[in-house]
Amino acid sequence: MTARTYASRRKRIVDGLVTKLKTINGQGAFLSDVEENVHPTLKFWDEVDEFPAIHLNAGMETREYLTAGVKNRYMNVTLRCYVNEENAVDALDALLEDVETVLEDNSSTTYIDKLGVVQSIQQITIISIETDEGVLEPMGVGEVTIEVRY
């Protein structure tokens with residue numbers, strides 16, 4: 001069986017991002033601890049039991065066809081961040097700052113595809129960061145939308 005050169009790598013990229021986000025452990029420069037509570041599946045705020053938490057969801061994927069058979073692939077990923085604290089706005093801001101730090105520090109990182117081959121993310125671009133602005137306090141919900149080029 002011949003390996004597919006351009007098969008989607010959605011799940012593996014999300015799994016790689018989860019691994020990087022699990023380094024947010026409340027130590028060193030990190031303000032939050034989500035080490036054990038980062039998941040590659042989306043949950044809504046009423047389904048989350050442990051806080052703080054980050055849930056990821058792979059979204060739309062597009063291709064850019066260049067000369068000489070080169071293809072750039074782009075995938076949107078949503079990171080939904082949850083906190084449950086007395087001052088939810090500050091706790092959510094701290095978690096979002098940690099998430100942004102991890103994404104910026106790992107903008108070009110590697111992951112393992114389904115065939116066990118090491119692949120590279122060329123770039124991670126943060127598209128938007130939104131929060132509930134304290135409406136759900138003591139819960140807080142934030143959403144980071146990124147574009148992964150691979």
Side-chain angles (χ1 to χ4, degrees), residues 6-64 70-150:
Y6 289 103
S8 173
R9 299 178 182 143
R10 300 165 62 83
K11 181 182 178 337
R12 299 303 179 135
I13 289 171
V14 169
D15 289 344
L17 291 170
V18 165
T19 299
K20 296 296 183 183
L21 291 164
K22 284 186 175 190
T23 63
I24 301 173
N25 61 6
Q27 299 187 20
F30 290 121
L31 305 170
S32 309
D33 182 1
V34 292
E35 185 176 15
E36 300 299 321
N37 212 4
V38 182
H39 307 281
T41 55
L42 187 61
K43 280 192 178 181
F44 294 100
W45 66 270
D46 59 336
E47 300 173 304
V48 178
D49 297 327
E50 296 180 34
F51 300 92
I54 303 172
H55 291 267
L56 286 78
N57 182 50
M60 179 182 74
E61 194 171 346
T62 60
R63 304 282 193 270
E64 176 184 33
V70 175
K71 296 177 190 173
N72 283 328
R73 291 167 282 188
Y74 299 87
M75 178 175 65
N76 289 347
V77 178
T78 301
L79 295 82
R80 199 158 289 149
C81 303
Y82 302 97
V83 297
N84 190 354
E85 294 190 25
E86 189 172 313
N87 190 340
V89 172
D90 287 346
L92 186 57
D93 282 347
L95 179 55
L96 290 171
E97 186 178 319
D98 288 342
V99 167
E100 186 173 1
T101 298
V102 168
L103 293 174
E104 293 290 339
D105 288 350
N106 294 283
S107 184
S108 59
T109 190
T110 59
Y111 61 96
I112 309 289
D113 72 11
K114 64 183 174 184
L115 299 174
V117 177
V118 175
Q119 301 288 346
S120 294
I121 291 174
Q122 297 172 14
Q123 181 177 341
I124 296 173
T125 303
I126 296 173
I127 303 298
S128 66
I129 300 174
E130 300 177 57
T131 72
D132 68 338
E133 298 300 328
V135 171
L136 298 174
E137 202 159 296
M139 289 192 62
V141 180
E143 190 170 280
V144 180
T145 303
I146 63 173
E147 179 183 73
V148 176
R149 179 168 51 116
Y150 66 102

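As the structure is a prediction and not an experimental result, all values here were calculated from the model.
Between the side chain of Thr125 and the backbone N or O of Ile127 there is no donor-acceptor pair closer than 3.5 Å. Judged by distance alone, the side chain of Thr19 and the main-chain N or O of Asp15 form a donor-acceptor pair under 3.5 Å. Under a 3.5 Å cut-off, the side chain of Asn57 and the backbone N or O of Thr78 do not form any donor-acceptor pair.
Nearest heavy-atom pair, Ile24 versus Ser32, reported as atom, atom and distance to 0.1 Å: CG2-O, 3.4 Å. When all heavy atoms of Ala94 and Leu31 are compared, the closest pair comes out as CB-CB, 3.8 Å. Annotation for Tyr150 and Gln122: closest pair C-NE2, 3.8 Å, computed over non-hydrogen atoms. Contact detail for Gly59 and Arg10: the closest heavy-atom pair is O-NH1, 2.6 Å. When every heavy atom of Cys81 is checked against every heavy atom of Leu96, the shortest pair comes out as SG-CD2, 3.9 Å. Contact detail for Val83 and Pro52: the closest heavy-atom pair is CG1-CB, 4.1 Å.
No side-chain heavy atom of Val77 sits under 4.5 Å from any side-chain heavy atom of Ile124. With contacts defined as side-chain heavy-atom distances shorter than 4.5 Å, the pair Tyr82/Asn37 does not qualify. Under the 4.5 Å side-chain criterion, counting only non-hydrogen atoms from C-beta, Val118 is in contact with Ile112. Using a 4.5 Å cut-off on side-chain heavy atoms (C-beta onward), Ile126 and Glu104 make contact. Under the 4.5 Å side-chain criterion, counting only non-hydrogen atoms from C-beta, Val48 is not in contact with Asn84. Using a 4.5 Å heavy-atom cutoff, the side chains of Asp132 and Leu92 are in contact. At least one side-chain heavy atom of Thr110 sits under 4.5 Å from a side-chain heavy atom of Ser120. Side-chain contact check for Arg80 versus Lys43: every heavy-atom pair is 4.5 Å or farther apart.
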Exercise for the section: In sequence, state the C-alpha distance, the side-chain angles, and the governing distance for Glu85 and Phe51, and then conclude on side-chain contact (heavy atoms from CB on, under 4.5 Å). Expected result: CA-CA 9 Å; Glu85 294 190 25; Phe51 300 92; over 6 Å; no
Problem - Audit row: Leu56, Val38, side-chain contact (heavy atoms from CB on, under 4.5 Å) steps and yes/no - result: CA-CA 8 Å; Leu56 286 78; Val38 182; 4.0 Å; yes
Practice task
Given side-chain contact (heavy atoms from CB on, under 4.5 Å), test Gln119 with Arg12 step by step and report yes or no.
Solution key: CA-CA 10 Å; Gln119 301 288 346; Arg12 299 303 179 135; over 6 Å; no
Practice task
Kindly indicate, with the supporting measurements, whether the criterion side-chain contact (heavy atoms from CB on, under 4.5 Å) is fulfilled by Val102 and Phe30.
Solution key: CA-CA 10 Å; Val102 168; Phe30 290 121; 3.7 Å; yes
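The aromatic rings of His39 and His55 sit parallel to each other, their planes meeting at less than 30°, with 60° as the upper class boundary.
Under 3.5 Å, the side chains of Asn25 and Glu35 contain no donor-acceptor pair of N or O atoms.
Rounded to the nearest 0.5 angstrom, Glu100 CD and Ile146 CD1 are separated by 11.5 Å.
Remark: Glu86 CD is loosely packed, at most 12 non-hydrogen atoms of other residues, nucleotides or ligands lying under 6.0 Å away.
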